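Bear in mind the structure is a predicted one, so any value in this text is a computation, not a measurement. Hydrogens, waters and symmetry mates play no part in the numbers below; they use all other heavy atoms, side chains included.
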Amino acid sequence: MVDEGSGKAPQHIQTLVAAILQHQRSADHQVTERENELVLDVSWRVQLSSRDVEVGQSEIGIKSLEPVQFLIPFAFPLQSPSITLRSDFPREFVPHIYPGSPGEPVCPCIAEVGMTDLMFQEGISGVLRNLQAWLDRAAQGTLMDPSQGWEPILFQNIAGSFLDEKGSFLQGIREAALAAPTKPAYSVVWCQRETLDGRFVYAQKLCKRPLEYTKTPAIVVRAPAGQESKRFQHIDVRKREDLYLLLEHLGICGEDLAKLQKLVNDQGSNGLDWLILIVVVKRPMNLIGCNHCFEILPFDCVLTINESPKAKVSPLQYMEAANPELLQRVSHRGQRKHMSLHFIGVGSVGSKVALSLARTGNYGFHLTDNSFFRAHNLSRHAIADPASNLGFPKVVYMKSAIESTLSVECTISADDASSPSFTLPGAADAIIESTGSAAVAANLRELAFDAQLYQIGLYAEAELAFLSAEPRDQTRGVRVDDLEAWLYQQACQNRAIGRLLFAENEHSRMIVGPGCSSVTTVVSDPKLNLQVSAITERLDKTLQAWPYDDDKGLAAYCLRDPYSGNLTWTSTQLGKTHSRSCRHNGLTWEVRVLDSVVNQMKHCRASAGQNETGGAIIGRYDPLLQTVHVTGLVEPPACAQASPSLFQIDYPYLQEVDEGTLERTAGTLRVIGTWHSHIGASRPSSTDQETFSDLSQNLGLPFPVMIVYGADGLEVLGE
């Protein structure tokens with residue numbers, strides 16, 4: 001505020017003025033107070049090129065002493081000053097100028113961040129430093145950096161958007177105008193017009209014939225090639241005469257301009273209230289941030305008073321649809337592989353992982369999910385639009401988000417991934433399964449495919465995340481179920497992990513919808529997002545550069561601290577699982593011994609010297625698929641009998657270990673049998689066969705596992 005009756009600006013504004021006048025480039029000045037601002041006119045010394053110093057101005061007319069006007073609002077510092085140059089400043093030869101009408105002061109754009117942000121970041125010294133650099137470079141002809149590109153016209157009165165779906169309009173321009181025409185070229189297309197909160201949104205699709213819902217004509221004007229297209233047209237367009245003035249500056253005048261005016265007026269005579277006029281200019285170099293040189297300038301033209309030069313015209317913002325190239329440029333540095341991914345499951349976890357990977361521009365997608373959107377999905381799903389999504393398949397709207405919005409390749413299927421008839425597409429580089437369904441996981445064990453299989457999941461209200469991946473050798477020597485078994489063993493040994501993994505059944509799960517239509521876990525979206533983001537980043541890096549040996553799998557879990565929210569990753573490599581088939585009680589069981597367990601056996605055998613060693617083995621049964629995973633060993637008790645030809649432990653000890661393991665793992669893991677070493681060959685002895693029979697009778701297991709580990713590896717006893 002101005003002190004009442006004093007005629008003086010507040011002290012902080014006086015300090016600002018003093019700082020401007022003390023700058024080394026400031027010369028003569030004059031201060032004027034208006035109602036709401038202070039006007040400071042300064043003569044600014046400009047550094048000309050050496051060849052222009054004697055003349056006193058540059059070749060395009062920038063003077064060695066340029067008048068600069070600072071408009072300082074009394075609301076400063078909440079409102080920043082603005083800077084203008086003389087109205088006859090040679091704007092057509094200089095980039096980085098805000099549009100304005102002829103005869104108005106020229107407003108330079110001295111910083112990408114804008115004047116307000118520049119003031120808050122660097123103060124008045126930063127503003128003056130940028131102004132000095134702008135004027136010096138303008139005078140020396142270096143204000144535009146060719147390596148950066150051509151600066152498009154900036155309009156401050158944008159009224160809406162012109163959307164070029166999938167870049168089809170730009171593609172047509174590029175194909176038709178590889179060489180710009182020597183004379184103006186005209187064409188008429190049709191587009192859709194929608195109004196959203198007072199802003200116009202045009203296009204979605206352009207077509208040569210008007211469809212029922214595409215009532216708005218669009219006149220496309222291609223400016224001719226010439227010197228005009230190499231100049232900067234900083235003209236503010238607000239009415240019809242401004243638009244025609246811009247066209248004249250682009251080399252469209254006389255007979256050609258009259259032809260265009262007739263085209264516009266004819267549309268008004270047809271009873272239309274508006275049209276779009278799209279001006280296309282081929283610039284001498286690629287536009288800033290683009291890989292093409294075509295500047296597309298759309299305008300919304302009111303036709304209700306079509307004969308009047310004062311009829312309203314509003315610039316629109318040309319918006320090219322997203323494309324993989326753009327997504328790649330802003331997501332990461334450097335070249336990366338393009339891969340095809342098959343997502344099985346696009347629920348709360350899968351949808352967010354898929355969309356995040358789609359935004360990198362490096363992946364194509366096939367999505368499989370046979371479930372529908374229900375109300376509870378929307379609390380955590382990547383897509384939340386209850387008006388359109390409820391009751392529809394999830395994959396339909398995921399396809400729209402990935403393909404239509406991001407322009408990334410995406411196909412879908414609503415197949416049941418747990419069905420025996422389910423088939424996988426052959427083109428995928430990787431399969432990401434996130435359903436959390438045991439039936440789907442079991443079905444994937446039996447399928448043959450060339451892609452690398454990943455499995456992701458969350459436990460315990462998103463406090464524990466797990467990512468596993470089969471190796472790249474495609475032999476499936478270590479499967480994702482082996483890697484999951486490794487996680488169970490970690491939880492058995494680590495109380496912190498066990499609390500999360502084995503207490504899952506105690507965490508609240510709820511039935512939503514009438515009857516038993518759906519079951520979900522209660523967890524907030526922020527918690528879920530944190531872990532899913534961590535999984536996605538790890539998955540992305542692993543897909544782009546597999547960090548392990550080709551015959552080893554990846555098992556990684558991520559713990560979230562419930563208080564700080566910090567995430568901690570732990571990972572390992574697992575070699576090929578040792579698999580044996582054994583008969584018991586008329587059934588064939590597959591015994592899968594983790595590579596880490598076999599390595600433990602090898603170490604224990606070597607440490608025991610000339611005596612046999614052994615102990616209880618921990619594991620997990622899958623009675624439905626007749627599979628048992630051997631996940632860990634228990635150290636031999638002090639009461640064990642050991643000699644060069646014998647190792648024996650009693651059954652009460654095994655039962656005690658079994659009860660403790662069952663309790664600690666909520667019934668997930670238990671004692672599944674015993675193992676012992678041989679000094680020589682692994683071939684089971686007659687004593688081993690007798691011990692196996694005793695195990696079957698005394699432990700009450702669906703299939704007691706007895707392993708002999710000798711000089712030639714391991715053997716699993718059966719009937």
Side-chain angles (χ1 to χ4, degrees), residues 99 152-153 155 157-165 167-170 172-173 176-177 181 183-224 233 235-281 294-321:
I153 298 176
F155 294 102
N157 59 318
I158 294 290
S161 304
F162 176 82
L163 284 85
D164 184 3
E165 186 184 64
S168 55
F169 180 79
L170 174 62
I173 291 297
K183 294 190 65 178
Y186 303 96
S187 59
V188 179
V189 295
W190 297 79
C191 66
Q192 184 177 354
R193 184 185 204 262
E194 296 180 3
T195 303
L196 181 65
D197 295 334
R199 288 174 59 86
F200 303 120
V201 180
Y202 285 94
Q204 295 301 330
K205 290 186 178 180
L206 289 170
C207 51
K208 293 184 178 179
R209 294 182 180 179
L211 301 176
E212 182 179 351
Y213 59 87
T214 54
K215 300 293 187 182
T216 303
I219 300 176
V220 182
V221 184
R222 285 167 50 205
Q233 291 82 20
I235 296 176
D236 195 14
V237 176
R238 296 180 181 271
K239 49 188 180 296
R240 190 82 61 83
E241 60 187 5
D242 297 335
L243 179 58
Y244 293 150
L245 178 62
L246 172 64
L247 295 174
E248 288 180 29
H249 276 246
L250 289 168
I252 304 173
C253 52
E255 181 181 331
D256 295 314
L257 187 57
K259 178 182 176 182
L260 176 62
Q261 289 173 326
K262 183 177 186 305
L263 267 175
V264 172
N265 291 336
D266 286 348
Q267 301 301 327
S269 301
N270 292 333
L272 295 171
D273 294 329
W274 55 75
L275 61 76
I276 306 174
L277 193 142
I278 307 171
V279 183
V280 180
V281 189
F294 297 101
E295 183 170 5
I296 300 173
L297 304 169
F299 299 92
D300 178 271
C301 304
V302 173
L303 296 178
T304 50
I305 44 176
N306 52 60
E307 299 293 338
S308 171
K310 304 296 183 183
K312 183 179 179 181
V313 173
S314 302
L316 302 171
Q317 182 179 17
Y318 171 77
M319 299 183 71
E320 183 184 355

Between [atom1] of [X] and [atom2] of [Y], what distance do you get to the nearest 0.5 Å?
X: Leu275; Y: Leu303; atom1: CG; atom2: CG; value: 4.5 Å
X: Trp274; Y: Cys301; atom1: CH2; atom2: SG; value: 12.5 Å
X: Ile173; Y: Glu295; atom1: CD1; atom2: CD; value: 13.0 Å
X: Arg222; Y: Ile252; atom1: CZ; atom2: CD1; value: 11.0 Å
X: Phe155; Y: Asp236; atom1: CZ; atom2: CG; value: 7.5 Å
X: Leu250; Y: Leu297; atom1: CG; atom2: CG; value: 7.5 Å

Between [Y] and [X], is there a side-chain heavy-atom distance shorter than 4.5 Å?
X: Val264; Y: Tyr244; answer: yes
X: Asn157; Y: Pro315; answer: yes
X: Leu246; Y: Ile153; answer: yes

**OP:** Could you tell me which non-hydrogen atom of Ala159 sits nearest to which non-hydrogen atom of Ser314, and how far apart they are?
**Re:** CB-CB, 3.3 Å
Subject >> Minimum heavy-atom distance Pro309-Lys239, with the two atoms named >> reply: O-CB, 3.8 Å
Original post:
Parallel, tilted or perpendicular: which describes the rings of Phe162 and Phe169, with under 30° parallel and over 60° perpendicular?
Top reply: perpendicular
Original post:
Do the two ring centres, one from Phe294 and one from Tyr318, sit under 6.0 Å apart?
Top reply: no
**OP:** For a side chain to side chain contact (heavy atoms under 4.5 Å, CB included) with Pro184, tell me which candidate from Leu260, Leu257, Asp256 qualifies.
**Re:** Asp256
Subject >> Trace of the side chain to side chain contact (heavy atoms under 4.5 Å, CB included) decision for Leu245 with His249 >> reply: CA-CA 6 Å; Leu245 178 62; His249 276 246; 3.8 Å; yes
